[in-house]
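Here the structure is laid out as structure tokens; the discussion comes afterwards.
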Amino acid sequence: MSVAARAASLLVAFVAVVGLGVFVALYYLGGASALPTVHYAASGGQVNVTLQEDPQNNSASKPDWVSYYVQDPGGGQWVHTTLFSVPANTKVNVTIYGYDGCTPLRNNFFSQVQGTIGNTVTVSQFDQHGKEYVTGQTTSVINAWANCNAGHTFAIPGMNLYVPVASPNAQLSANNLCSSSPCTPQGNPYARETFSFMSPAHGGVFRWQCLIPCGGGYLDGNGGPMQTLGYMMGEMDVVSS
Amino acid sequence: MTTTTTTTEPAAEAPHGRRLFGIWLILALAADLAIWFAWKPHLPPGDMSDSARHQQFDIAVLAVSAAPVIIFVLLYFSYSIVVWRARPGDDGDGEPIYGNTKVQATWIIGTTLIVLWLFVFGTVELAGTAGAGAGEGPSPVWKLAGVTSATWSPGGKTMLDVQVIGQQWTWTFRYPQFGGMESTELMLPVNTPVAFHVTSLDVIHSFWAYQLGVKADANPQVDNVAYTTARTLGSVTVRCSELCGIWHGAMFNYGHVVTQSAFGSWAAGVQAREKTDGLLAALPPFALAYDPTVIPQLGAALPKVDGITGAAGYYYPPGDPVTP
């Protein structure tokens with residue numbers, strides 16, 4: 001093989017390797033950037049964040065994964081993402097609609113509400129007919145082992161914030177759960193939970209996750225949706241002014 | 001053309017051995033003094049606990065042991081290049097060497113002494129410091145001296161038991177001498193022997209309390225014991241040092257070493273709060289290791305408890321692990 005041919009072969013191989021690397025990087029980076037971030041702005045020193053957790057989702061690739069949704073404060077539509085931003089040093093009022101059924105915690109310690117203002121949450125539960133069978137109950141523990149009580153958790157370990165999220169009761173969890181996402185209150189049993197916390201004084205990205213092993217079908221229940229951004233794993237971007 | 005063959009006889013006559021030894025002795029002494037007095041106080045992991053101090057001491061001793069060897073190698077290398085290099089016009093071969101009993105004996109004796117020294121020193125340090133902060137399994141060979149008791153109060157010599165529980169991707173800490181209360185914060189009293197009981201609820205993690213010099217694997221259903229005694233007040237960084245999943249890098253939090261009275265107040269306060277809000281009653285009875293598929297309050301192993309799990313089904317499906 002001539003020197004020119006060898007040089008050409010080397011060049012082609014080099015371009016192929018570099019091209020493959022760029023493709024892989026763009027594929028993953030592009031995939032990550034495709035996940036939208038919902039931005040919440042403060043009003044009167046407070047910001048209202050609204051989430052829901054569903055037994056399934058409306059994605060094309062993993063429709064059977066449990067998933068969170070974030071409500072866009074502008075139009076009110078539900079966005080299939082787990083990325084949202086809040087201002088720093090602001091009271092964050094969170095509302096979570098729990099449409100998924102109950103699952104026991106691996107460590108029942110996380111039945112305790114920690115890191116919210118007052119270390120409590122307020123829970124209301126509704127059946128599929130819209131009847132409110134638990135009305136505005138404020139509690140510091142939602143015991144995930146006592147009955148069918150908790151569906152998931154909303155936990156930001158970096159802020160020491162651990163919140164069990166209530167679910168519809170056992171009978172409703174077994175038979176009548178919402179089957180089309182994003183879920184709506186009409187015709188579906190759900191729990192509505194509210195709590196507040198102060199966002200950190202300085203900016204930064206805070207990982208949040210579910211601590212109930214709800215990744216059904218995966219080893220120890222922690223694979224799949226449990227570790228994937230856009231499903232049960234998310235990030236809260238705290239933006240300093 | 002005339003070819004001239006030169007020999008290196010004049011160089012061989014120089015007192016190379018004594019010269020090398022003299023230079024080596026000075027450099028080695030300087031290096032060891034610098035390591036011991038200037039570097040040692042800054043070596044990781046610091047001196048916050050007995051185990052950390054011993055690790056700092058061990059690293060310094062090993063550095064002091066290694067420095068003369070490294071210096072000898074580098075010195076001999078440099079000396080050879082400078083003194084025994086081929087001069088211009090020197091095309092002759094080196095002197096053939098068929099064996100040197102003195103060199104061989106020195107080499108064998110020297111390396112044997114070094115290896116034996118490392119073996120004895122390492123064993124003594126492990127034994128003398130109750131495992132040097134490493135996990136020793138459920139039945140430690142080297143135990144830390146201390147009084148064991150079902151309760152703990154400030155001012156005594158009672159060992160504090162702390163159960164370290166790892167799960168993807170956070171740590172919690174349980175204190176059996178305070179009613180089995182649990183916390184996301186690692187709080188420890190100063191000047192108190194501590195026995196960590198490290199376990200996991202899912203995959204293998206590794207509890208690494210850096211400033212304390214404690215590192216122990218967290219295996220599911222295994223009680224891995226590690227000891228330490230904190231000697232100064234301050235903060236501790238707790239990390240997972242075993243790749244445990246995609247968010248392994250985010251699995252860290254912080255702990256604090258406080259005075260014994262402050263610790264007693266904190267622990268009693270947490271215990272009282274968890275009793276009041278019902279959490280203590282909701283926790284499983286304290287055990288040195290848990291099978292997370294068994295939930296005492298539900299009275300059955302989890303996979304047998306149908307109808308209480310979420311839409312995704314059991315979190316331990318029969319036949320796990322499987323792919324969806």
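Within every chain, numbering begins at 1; the chains are lettered A, B, ... in the order of the sequence lines, protein sequences first and strands thereafter.
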Worksheet item: Measuring heavy-atom distances to chain B, does Asn160(A) have an atom under 4.5 Å in its side chain, in its backbone, in both, or in neither?
Response: side chain
Fill in: Electrostatic pair Asp50(B):Arg231(B) at N-O distance under 4.0 angstrom
yes
Discussion item. Taking side chain as everything from C-beta outward and backbone as N, CA, C, O, which of these in Asn253(B) sits under 4.5 Å from a heavy atom of chain A? Side chain, backbone, both or neither.
Written reply: neither
Worksheet item: Ring centres of Tyr175(B) and Trp266(B) under 6.0 Å apart?
Response: yes
Worksheet item: When the aromatic ring centroids of His80(A) and Tyr231(A) are compared, is their separation below 6.0 Å?
Response: yes
Fill in: Selection from Met181(B), Glu185(B), Arg273(B) maximising heavy-atom pairs under 4.5 Å formed with chain A
Arg273(B)
Worksheet entry | Region of Gln209(A) in contact with chain B, defined by heavy-atom distances below 4.5 Å | side chain
Practice prompt. Please flag which part of Met233(A) lies under 4.5 Å from any non-hydrogen atom of chain B: side chain, backbone, both or neither.
Written response: side chain
Worksheet item: Can you check whether Phe207(B) and Phe196(B) have ring centres sitting under 6.0 Å from each other?
Response: yes
Item to complete: Indicate, with yes or no, if the rings of Tyr68(A) and Trp208(A) have centres closer together than 6.0 Å.
Response: yes
Worksheet item: Measuring heavy-atom distances to chain A, does Gln167(B) have an atom under 4.5 Å in its side chain, in its backbone, in both, or in neither?
Response: side chain
Practice prompt. Flag the pair Trp152(B) / Phe263(B) as yes when their ring centroid distance falls below 6.0 Å, and as no otherwise.
Written response: yes
Fill in: Side chain / backbone / both / neither for Trp169(B) at chain A, heavy atoms under 4.5 Å
both
Discussion item. Is Asp54(A) close to chain B through its backbone or its side chain, or both, or neither, when contacts mean heavy atoms under 4.5 Å?
Written reply: neither
Practice prompt. Using distance alone, with no hydrogens and no angle criterion, decide if Ser111(A) and Asn108(A) have a side-chain donor and acceptor under 3.5 Å apart.
Written response: yes
Discussion item. Can you tell me which portion of Leu229(A) sits under 4.5 Å from chain B's heavy atoms? Options are side chain, backbone, both or neither.
Written reply: side chain
Worksheet item: Is it the side chain or the backbone of Thr170(B) that comes within 4.5 Å of chain A heavy atoms, both, or neither?
Response: side chain
